[in-house]
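Structure incoming, see below.
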Amino acid sequence: MTKDWNARTKMVHAGSRRSQYGEVSESIFMTQGFVYDSAEAAEARFVEVGDDEFIYARYGNPTVRMFEDRISAIEGAEDAFATASGMAAVNGALMSILKSGDHVVSSRALFGSCLYILEEVLRRFGVEVTFVDGADLAQWRAAVRKDTTVVFLESVSNPTLEVVDLKSVAEIAHAVGATVIVDNVFATPVFSRAIEFGADVVVYSATKHIDGQGRCLGGVVLGKKDYVRGPLETYLKHTGGSMSPFNAWVMLKGLETLDLRVRAQAHSAEVIAKALEGHEKLERVLFPFLDSHPHQAIAKAQFEKCGTVLSIDLKGGKDAAFKFLNALEICIISNNLGDAKSIVTHPATTTHQRLPDDQKVLLGISPGLVRVSIGIEDTNDLLSDILNALDAV
Ligand SMILES: *Cc1c(COP(=O)(O)O)cnc(C)c1O
């Protein structure tokens with residue numbers, strides 16, 4: 001039945017499990033463990049866990065399972081495992097299937113903590129990692145080898161919004177039997193078609209658009225059942241990165257309004273990006289649907305809308321960027337994204353501060369770059385706020 005529903009209906013209803021009380025809003029099963037009717041029942045459950053049976057909250061919980069089933073239905077994935085944060089999801093997706101001696105190819109433009117896992121943790125355990133410019137297919141072709149086991153990428157990169165040609169990269173990876181893992185935060189579950197375009201595993205930080213209201217950390221890994229309930233679940237349930245039932249409930253409530261929020265945010269982001277392009281105080285406006293963006297064609301083929309974030313590069317470097325940030329009245333200075341509140345970030349001095357200068361140059365993180373995550377406020381109010389702050393520079 002769920003299969004025939006459109007995404008917006010699934011976001012409200014898919015995966016719901018009602019207790020004997022017939023509650024309308026999903027219950028929070030705030031319990032660590034579960035009671036067995038008999039010693040024999042306990043023994044049987046450790047042999048095989050039925051669909052409505054649970055053992056321990058680190059292994060699974062009814063509220064968490066509702067969230068996993070709902071996001072699987074939305075994404076068109078066979079199954080999902082929910083995690084304590086987006087980084088627990090990225091770490092679990094990789095560590096559950098990699099071993100010493102494996103080869104990984106990854107795009108270079110990654111979220112800082114993802115870069116730490118690929119560059120430092122995996123290498124420490126004898127996994128060889130080759131980094132490529134995600135937008136350059138020739139580099140992917142040259143880097144992928146017969147012994148490549150995993151290809152990792154962010155479908156839209158942070159903060160410069162480069163778009164990877166997922167279909168082509170997946171073809172290159174699958175030709176050698178590699179697993180394609182996509183960190184899909186910027187695409188959002190609303191506009192994602194990652195599985196259709198060849199991703200084997202899709203990862204979200206639920207902290208971003210899925211909560212979308214700044215409350216909880218969370219993450220989720222989606223993929224085929226034999227991967228999710230096989231190596232992934234085994235790794236995560238024993239290493240402790242599972243999602244709390246309370247956070248799963250917040251994320252379930254977030255999914256109910258996800259489509260409404262993200263479409264409104266994406267609409268404003270596009271209007272604002274277009275209005276800002278060519279502004280005298282700006283070096284460039286980065287937004288994949290703009291005619292000036294080098295990956296516009298791929299973005300339009302892959303996404304119905306290209307997300308809720310844009311980046312602007314101010315003339316005058318850090319000074320100008322800081323004057324702009326400090327003059328904003330609606331947009332708040334923080335480092336999250338996908339929130340109902342519009343958030344501005346200066347990557348060079350915050351999220352990407354740790355990177356050496358040559359890496360910043362390579363990734364396009366210039367001193368004047370400001371990432372703007374557009375919220376659900378009125379579009380015209382946001383545009384006025386940004387234009388007024390630019391005037392103050
Ligand atoms: C935020 C983010 C993460 C990490 O998610 P947390 O929930 O903060 O752990 C990973 N990848 C991308 C692209 C992100 O934006």
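All values derive from a computational prediction rather than experimental measurement. Both ligands and their constituent atoms are indexed starting at 1 by order of listing. This chain uses plain numbering: 1 for the first residue, then up along the sequence.
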**Asked** Can we say R17 and D51 salt-bridge, meaning some charged N sits less than 4.0 Å from an Asp/Glu carboxylate O?
**Response** yes
**Asked** What residues come within 4.0 Å of ligand 1, counting heavy atoms only?
**Response** S85, G86, M87, F111, C114, E154, D183, V185, S205, T207, K208, G218
**Asked** Taking NZ, NE, NH1 and NH2 as the nitrogens, is one of them in K274 or E277 under 4.0 Å from a carboxylate oxygen of the other?
**Response** no
**Item:** Salt-bridge contact K253-E26 (side-chain N to carboxylate O under 4.0 Å)
**Value:** yes
**Request:** May I ask you to decide whether K341 forms a salt bridge with D339, counting only side-chain N to carboxylate O separations under 4.0 Å?
**Result:** no
**Message:** Under 4.0 Å between a side-chain nitrogen and a carboxylate oxygen: does that hold for R108 and E162?
**Reply:** no
**Message:** Once you measure the plane-to-plane angle for F246 and W249, does it fall in the parallel (<30°), tilted (30-60°) or perpendicular (>60°) bin?
**Reply:** tilted
